[in-house]
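Read the structure below first, then the notes.
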Amino acid sequence: MSPANLVISKIGPESDVVLRNLFEHYLHDMAEWFQVDTKADGRYSYDTSLVWDKGYGAYLAKVDGLPAGFALVGSAAEWLGDIGAHDVHEFFVIRRFRRHGFGQRMATLLWNEHPGEWLVRVLEANAPAVTFWRTAVASYTRGSYKEDKRISKERPWRFFRFLFNGA
């Protein structure tokens, strides 16, 4: 199992079923830090039509042709006031592929796809994600990034900001 086998591609509404299924796993994980409840049928349900309606860039990660995760990219204007900055809105790697370099590779491919200013927001209570993003951003930028602590909706977050001008 090698991150070299990872392929990330932009998807549209035709891949909605796969994205919705991956969101079930993502919401299960996020329920540890956010108040996410299951529906009456026991599923975590996420209305993926919001992804398409809000114009997020949706990316599907596959390893050896099988889904391994997803990422949503949007504008960071809400957080930074800069309409041109990109925001990692959501990012998920299936547990089987974690801690093997797949997340780092996935983030790198995503950032390379969109040169410019980037924001990665992480709930501070999600310590594994804070560690992952700090390492991923530091490695990608060779230490040239800014990390801030912000309060949003009465909860502490880590904001990682950096600029990538292309290779």
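Not measured: the values here are computed from a predicted model. Index from 1, following the sequence.
Distance check: S152 OG to L123 CG gives 9.5 Å after rounding to the nearest 0.5 Å. Here the NE2-CG distance, from H86 to L80, works out to 11.5 Å after rounding to the nearest 0.5 Å. A distance of 11.0 Å separates CZ of F92 from CG of L19, quoted to the nearest 0.5 Å. The CZ atom of R105 lies 12.0 Å from the CG atom of L110; values are rounded to the nearest 0.5 Å. The OG atom of S75 sits 11.5 Å away from the NE2 atom of H89 when rounded to the nearest 0.5 Å. A distance of 10.0 Å separates OG1 in T48 from CZ in F70, rounded to the nearest 0.5 Å.
V51 and A58 make their closest contact through CG1-CB, 4.1 Å (heavy atoms, listed as atom of the first residue, atom of the second, distance). Nearest heavy-atom pair across M106 and I8 is CG-CD1, 3.9 Å. Residues V130 and F160 share a closest heavy-atom pair of O-CZ, 4.1 Å. A pairwise comparison of heavy atoms in V63 and A68 identifies CG2-CB, 3.6 Å as the closest pair. Taking every heavy atom of both residues into account, I151 and P156 meet most closely at CD1-CA, 3.7 Å. The minimum heavy-atom distance between H100 and R98, with the atom names listed, is CD2-O, 3.0 Å.
In this structure K149 satisfies the salt bridge (Lys or Arg N to Asp or Glu O under 4.0 Å) test together with E124, sequence neighbours excluded.
Checked against a 6.0 Å centroid threshold, the rings of F164 and Y140 count as neighbours. F162 and W111 have their aromatic ring centers within a separation under 6.0 angstrom.
Classified by interplanar angle (parallel below 30°, tilted 30° to 60°, perpendicular above 60°), the ring pair Y59/H114 is perpendicular.
T108 contributes a side-chain N or O that, together with a main-chain N or O of Q104, makes up a donor-acceptor pair within less than 3.5 Å. When atom types are taken as modelled, the side chain of R161 and the backbone of E117 share no donor-acceptor pair closer than 3.5 angstrom.
The shortest side-chain heavy-atom distance between V120 and F159 does not fall under the 4.5 Å cut-off. Side-chain contact between V73 and V88 is absent, with no heavy atoms from C-beta onward closer than 4.5 Å. Side chains of V7 and L60 form no contact here, defined as non-hydrogen atoms less than 4.5 Å apart. A 4.5 Å side-chain heavy-atom check between I94 and L22 finds at least one atom pair inside the cut-off.
Applying the side chain to side chain donor-acceptor pair (under 3.5 Å) rule to pairs touching residues 128-138 yields R134-E147, sequence neighbours excluded.
For the 3.5 Å distance criterion, the side chains of W157 and D148 fail to qualify, holding no donor opposite an acceptor. For Y56 and D87, the side-chain atoms include no donor-acceptor pair closer than 3.5 Å.
Taken together through direct or relayed side-chain contacts under 4.5 Å among Ile, Leu, Val, Met, Phe, Trp and Tyr, W52 and V18 form part of one hydrophobic cluster.
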